[in-house]
Colleague: 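One structure is given below, represented as structure tokens, and several questions about it will come after.
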Amino acid sequence: MSVERLGMALSSVWDGGNATWPLPEHSVLQPAWDYLRQNHESTLRSPLFPVLLSVSTYLVLILFYTMLDLLAPTWPVIRRYQIHPDHTVTWSSIGNTLALTTYNHLLYIFPAAVAQWLWRPPVPLPSEAPSLAAFLLGIVGCTVIFDFQYYLWHVLHHRVSWLYSTFHAIHHQYRQPFSLVTQYLSGWELFSVGLWTTVDPVLLQCHCLTGWAFMIFNVWVSAEDHCGYDFPWAMHRLVPFSLWGGVLRHDIHHTHPGTNFAPFFTHWDWLAGTACAPSAKLRENESDENNTKANGRKADKGA
């Protein structure tokens, strides 16, 4: 069953069980969808649009987080939310990560976008918008599938030393990640992530609007996982029962690479025994710090 049909089924059940509060005949997203179709149809139908949407969303996010990184050393109101307040993001690190990101986009993303533009026909736009239930279920469904795909990819590329050294080690050059580390990747990893982001909405037969929303959401939470800030509105604080890993758990993965392989949710790591909660890491860091201080006192006494 496609996400659209599942959303319609849920809507009909809700409508039948709430006769005094019927759902609208048309989707609440219909006015926005009509506006987009009437004013930007040629842009939306272009095979280049998903690429431009993904890249522009990423650029906006890294610009925002990089500004915070540059202001944090002198702005305590920002530094208080940093996971590593003693760590400063340098212009050298910004230049290195930005250079590889630009290289990957010019060498891989841009040619793929041009190939789609030349050989792929314009995308047909349905006249009706997805129901709100189908829209939200589609994003959740694509996120769950992507999380499972990347979890398997991630574990495999950590367990097999050749795969790790050839394709994934570059991403772990930074033990204290910042936003630009999000796409500090090998070409193979960038291709894999882009493929799943594009194919998963097709597998679930999502509305194109749902697929675009999933792309934006995927880029947003991926950048948040690497941003280095634990804000009150972070996803792991919004999703209950510790179901969402978020920036704290992924930060642990960069310091303890054998843990927290799943990009978003936590259930696969719990089932596989590779989960590491932030509290455990804090206790470990405190223990390391205490051991260091104790060793220092012993050395002073010996001297």
Side-chain angles (χ1 to χ4, degrees), residues 57-101 154 168-185 218-266 269 274-297 299-300:
T57 301
Y58 181 67
L59 291 177
V60 169
L61 289 171
I62 63 172
L63 178 62
F64 170 72
Y65 286 123
T66 302
M67 289 178 59
L68 295 182
D69 291 334
L70 297 176
L71 294 174
T74 56
W75 288 37
V77 68
I78 299 175
R79 190 166 61 250
R80 62 181 293 195
Y81 293 110
Q82 283 187 308
I83 300 175
H84 304 284
D86 56 337
H87 173 69
T88 301
V89 178
T90 63
W91 282 105
S92 175
S93 298
I94 294 174
N96 289 337
T97 51
L98 190 59
L100 182 61
T101 301
H154 203 182
H168 190 56
I170 188 172
H171 185 65
H172 281 270
Q173 289 182 8
Y174 292 91
R175 290 172 54 86
Q176 298 173 338
F178 53 99
S179 61
L180 278 164
V181 179
T182 307
Q183 292 192 9
Y184 192 71
L185 310 170
N218 192 303
V219 174
W220 166 38
V221 292
S222 296
E224 183 185 80
D225 277 358
H226 294 85
C227 71
Y229 294 90
D230 184 17
F231 288 121
W233 57 83
M235 278 294 295
H236 70 277
R237 296 185 177 275
L238 301 179
V239 179
F241 310 119
S242 299
L243 296 176
W244 191 270
V247 60
L248 293 178
R249 289 180 183 269
H250 194 72
D251 184 82
I252 294 173
H253 173 72
H254 275 258
T255 55
H256 299 73
T259 64
N260 298 344
F261 292 105
F264 303 141
F265 296 102
T266 58
D269 282 304
T274 55
C276 182
S279 58
K281 177 180 180 295
L282 291 176
R283 288 194 297 269
E284 181 179 340
N285 289 344
E286 291 176 357
S287 177
D288 292 342
E289 184 178 353
N290 292 335
N291 291 336
T292 301
K293 291 180 179 179
N295 292 335
R297 286 194 292 269
D300 291 341

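Everything numeric in this text was worked out from a predicted model, so none of it was measured.
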Colleague: Go through the structure and list residues passing side-chain hydrogen bond (donor to acceptor under 3.5 Å, both in side chains) with S93, not counting sequence neighbours.
Modeller: T90

Colleague: Of all residues at least two apart in sequence or in a different chain, which pass the side-chain hydrogen bond (donor to acceptor under 3.5 Å, both in side chains) check with D230?
Modeller: H236, R237

Colleague: Assign the ring pair H171 / H250 to parallel, tilted or perpendicular, where the plane angle (0 to 90°) is split at 30° and 60°.
Modeller: tilted

Colleague: Can you tell me which residue pairs pass the salt bridge (Lys or Arg N to Asp or Glu O under 4.0 Å) test with a partner in residues 79-89, sequence neighbours excluded?
Modeller: none

Colleague: Taking only residues two or more places apart in sequence or in another chain, which ones pass side-chain hydrogen bond (donor to acceptor under 3.5 Å, both in side chains) with H87?
Modeller: Q176

Colleague: Identify the two heavy atoms, one from H154 and one from H168, that lie closest to each other, and give their separation to 0.1 Å.
Modeller: NE2-NE2, 3.1 Å

Colleague: Could you pull out all residues at least two apart from Y58 that satisfy ring-ring contact (aromatic ring centres under 6.0 Å, His included)?
Modeller: none

Colleague: List, one per line, each side-chain donor-acceptor pair under 3.5 Å for residues 60-76, sequence neighbours excluded.
Modeller:
| unit_1 | atom_1 | unit_2 | atom_2 | d |
| --- | --- | --- | --- | --- |
| T66 | OG1 | I62 | O | 2.5 |
| D69 | OD1 | Y229 | OH | 2.8 |
| T74 | OG1 | L71 | O | 3.3 |

Colleague: Apply ring-ring contact (aromatic ring centres under 6.0 Å, His included) to W233 and list each qualifying residue two or more places apart in sequence or on a separate chain.
Modeller: F231

Colleague: Is there side-chain contact between T259 and D269, with at least one heavy-atom pair below 4.5 Å?
Modeller: no

Colleague: I'd like to check the side-chain hydrogen bond (donor to acceptor under 3.5 Å, both in side chains) partners of S222; sequence neighbours left out, ordered by chain and number.
Modeller: N218

Colleague: Could you work out, with side-chain contact (heavy atoms from CB on, under 4.5 Å) as the rule, every residue matching T266, not counting sequence neighbours?
Modeller: R249, W270

Colleague: For residues 178-185, which side-chain N or O atoms pair as donor and acceptor with protein atoms under 3.5 Å away, sequence neighbours left out?
Modeller:
| unit_1 | atom_1 | unit_2 | atom_2 | d |
| --- | --- | --- | --- | --- |
| T182 | OG1 | S179 | O | 2.6 |
| Q183 | OE1 | H105 | NE2 | 3.4 |
| Y184 | OH | Q173 | OE1 | 3.0 |

Colleague: D251 pairs by side-chain hydrogen bond (donor to acceptor under 3.5 Å, both in side chains) with which of H84, H226, H256, R175?
Modeller: H84

Colleague: Taking side chain as C-beta onward, heavy atoms only, is M235 less than 4.5 Å from F264?
Modeller: no

Colleague: Indicate the atoms forming the closest heavy-atom contact of V247 with C227, along with that distance.
Modeller: CG2-SG, 4.3 Å

